[in-house]
Amino acid sequence: MMPENWKHYIGIDLDNIQGTVDRLVKEPEILESISIAGRKWAIENYSPVPTALRFLEIVRDKQNTKTRGEILGHFVTQRLPFSLTEINLIVFPDWSQPEEIVGLELQAVIKNLVNHPDKAKMTLLINNSNISAEDADLILSSVVMNLLMESELEVDEGPEIFLVGELSQIQWSALIPQLQGWIKLENENGEAIAQVKADNIPLIELSNFSDQTSNKID
């Protein structure tokens with residue numbers, strides 16, 4: 001239900017401002033009635049309860065959500081600073097290791113994803129909680145450049161790659177159930193893994209990455 005002009009509010013026609021002024025002069029009592037009606041409309045339609053009910057109805061219709069936890073999870077994931085796809089994977093590099101070691105591990109992971117037939121359906125999240133986004137991005141850019149130079153890889157069709165570190169605990173709690181796999185690295189950030197409770201994410205070994213991820217789609 002939308003508010004009505006001259007009933008719940010006074011809309012000014014910029015092409016006929018004088019008309020609005022004339023009506024207010026002729027009907028001075030209308031200001032009080034519009035104020036009362038407008039306040040009542042706002043309370044009925046935009047107070048916390050009606051707003052919450054509308055939100056729950058939208059989520060129910062679109063997602064067929066049945067529990068309050070699922071509703072909260074959907075609401076939070078819609079506000080993540082990245083998009084999710086059909087297969088969402090995560091790695092926890094130990095950025096305290098030499099850049100060469102971190103780069104080679106990330107290169108192996110990304111190369112496997114880029115060569116996967118379902119790469120367009122994949123998102124790779126790279127945890128960078130113990131390094132600045134700028135420094136991590138530089139290393140990641142170098143990794144991608146090395147891959148492009150060493151072989152003719154088609155990177156424009158996927159996967160999506162995002163750095164994740166600055167997430168709240170509630171965002172992590174909502175994100176983890178959406179993850180289909182945690183790709184195991186030789187050198188990992190154990191503190192980040194424990195902090196986000198990553199043990200609930202299915203482990204994927206890089207050695208049989210293709211088989212395990214194919215099962216996620218089937």
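Listed by chain and residue number, nothing satisfies the side-chain hydrogen bond (donor to acceptor under 3.5 Å, both in side chains) test with S141 (two or more places apart in sequence, or in another chain). For T123, the side-chain hydrogen bond (donor to acceptor under 3.5 Å, both in side chains) test picks out T85, with sequence neighbours left out. Looking at residues two or more places apart in sequence or on another chain, you find no salt bridge (Lys or Arg N to Asp or Glu O under 4.0 Å) involving E191. The side-chain hydrogen bond (donor to acceptor under 3.5 Å, both in side chains) test applied to Q195 returns no partner, not counting sequence neighbours. Partners of N127 under the side-chain hydrogen bond (donor to acceptor under 3.5 Å, both in side chains) rule, at least two apart in sequence or in another chain, are S129. Taking E160 as the reference, nothing meets the salt bridge (Lys or Arg N to Asp or Glu O under 4.0 Å) condition, with sequence neighbours excluded. Applying the salt bridge (Lys or Arg N to Asp or Glu O under 4.0 Å) test to K197 and every residue at least two apart in sequence or in another chain returns nothing.
Under the ring pair (Phe, Tyr, Trp, His ring centres under 6.0 Å) criterion, the residue pairs touching residues 177-203 are F92-W182, with sequence neighbours excluded. Residues in residues 91-105 take part in no salt bridge (Lys or Arg N to Asp or Glu O under 4.0 Å) pair, two or more places apart or across chains.
Atoms CD1 and CD1, on I183 and I201 in that order, are 11.0 Å from each other to the nearest 0.5 Å. Expressed to the nearest 0.5 Å, how far CD of E205 lies from CG of L185 amounts to 10.0 Å. How far CG of L104 is from CD1 of I101: 8.0 Å, rounded to the nearest 0.5 Å. Atoms CG and CG, from L84 and L179 in turn, are 7.5 Å apart once rounded to the nearest 0.5 Å. Distance check, rounded to the nearest 0.5 Å: CG of L113 to CE of M122 gives 5.5 Å. Separating the CG atom in L106 from the NZ atom in K111 is a distance of 14.5 Å, to the nearest 0.5 Å.
In the hydrophobic clustering of ILVMFWY residues, with side-chain heavy atoms under 4.5 Å counting as a link, W95 and L138 come out apart. Follow the hydrophobic side-chain contacts under 4.5 Å out from L125 and you reach L203 in the same cluster. Hydrophobic clustering places I193 together with L167 (ILVMFWY residues linked when any side-chain heavy atoms are closer than 4.5 Å, directly or through intermediates).
Residues Q97 and V102 form a side-chain contact, since some pair of their non-hydrogen atoms from C-beta on lies under 4.5 Å apart.
Put simply, the side chain of Q180 gets close to the backbone of N88: a donor and an acceptor are under 3.5 Å apart.
Taking both residues in full, the closest heavy atoms of A108 and L206 are given as CB-CD2, 3.8 Å, listed atom of the first, atom of the second, then distance.
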If you look only at distance, which donor and acceptor atoms sit under 3.5 Å apart when one is on a side chain in residues 130-137 and the other is two or more places apart or in another chain?
residue	atom	partner	partner atom	Å
N130	OD1	N189	ND2	3.4
S132	OG	D135	N	3.1
S132	OG	D135	OD2	3.2

Under the criterion side-chain contact (heavy atoms from CB on, under 4.5 Å), I'd like the reasoning laid out for I126 against L124: C-alpha separation, chi angles, the key distance, then a yes or no. CA-CA 6 Å; I126 302 176; L124 176 65; 4.1 Å; yes
